[in-house]
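Structure first, then comments.
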Amino acid sequence: PDRGLLISDTLSPYVWAYLTIYEYDLGSIKIGDHIILRTIAYPGEEFSGTIKAIDPVLDMNTRSVRARVQIDNPEGKLKPNMYGDAFIHLDLGEKVAVPREAVLDTGIRKIVYIDLGKGKFKAQEIETGPEAIALVDGQEKKFFPVIKGLNENDIVVTTGNFLIDSQSQLTGGMSALWGGATEIKQEEPTQEKEETKTQHRP
């Protein structure tokens, strides 16, 4: 009885879309979540929908599952086999968050610089949740919710943090982006020295 499942039915007010949800996002997504679909064919336009089903089996090759979404399509613009980007709206509640540009990501840890006042800054390692988009003064901005490492009233550097990190490296202080490379460089000569001793030992 659901005519929306018929590809040839142009009278249906909605279409079905399949989303790829990766394993690490499964804990945050559920049936009933609201999504916004944006397509290459219609830049600037958004199509609203709701997740109706999530596959019960994980694809072992892609480490993902498919979610079936009912998308409003009153003008019949969305066609079979089109691709798009889906934005899932999740209520994260009230959390401390920092702008994405404030976070220096080394690949192993995430660092922000806290403004201590009087020209002093402190490098602080933080633990974040998945990247989120929030509306600020009517504009979309990207944030990281902070799970651990910051308090509500901490003031973090949002511009110039790369400059502060570089200056910290030059003055011998803690550097978020260069600390790991410095440690590797310090370890290599020690290993070579030990190997040399072993080779010349009688």
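Count residues from 1 along the sequence.
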*Got a donor-acceptor contact below 3.5 angstrom from the D59 side chain to the N61 backbone?*
yes
*Set of salt bridge (charged side-chain N to carboxylate O under 4.0 Å, His left out) partners for E75, sequence neighbours left out*: K77
*Shortest non-hydrogen contact from I31 toward K52*: CG2-O, 3.7 Å
*Can you see which heavy atom on T158 is nearest to which on E101, and at what distance?*
O-CG, 3.5 Å
*Given the rule that I, L, V, M, F, W and Y join up when any side-chain heavy atoms are under 4.5 Å apart, are I88 and L37 in one cluster?*
yes
*First locate atom CD1 of I126, then atom CD1 of I111, and finally report the distance between them rounded to the nearest 0.5 Å.*
8.0 Å
_Distance, nearest 0.5 Å, that separates CG of D33 from NE2 of H89_ = 10.5 Å
*Looking at T39, V15, D72, which hits side chain to side chain contact (heavy atoms under 4.5 Å, CB included) with F47?*
T39
*To the nearest 0.5 Å, what is the distance between NZ (K141) and CG (D137)?*
6.5 Å
*Verify the cluster assignment for L26 and F87: are they in a single hydrophobic cluster under the rule of side-chain heavy atoms below 4.5 Å apart?*
no
*Write down the atom of L150, the atom of Q124, and the distance for their closest heavy-atom approach.*
CD2-CG, 4.4 Å
*Would you call R100-E131 a salt bridge at under 4.0 Å N-O?*
yes
_Return the OH to CG distance between Y113 and D154, rounded to the nearest 0.5 Å._
15.5 Å
*Backbone N or O of V57 within a donor-acceptor pair of the D55 side chain at under 3.5 Å?*
no
*Is the Y14 ring parallel, tilted or perpendicular to the W16 ring (thresholds 30°, 60°)?*
perpendicular
*Inspect the contact between R38 and D85 and indicate whether a charged nitrogen and a carboxylate oxygen are less than 4.0 angstrom apart.*
no
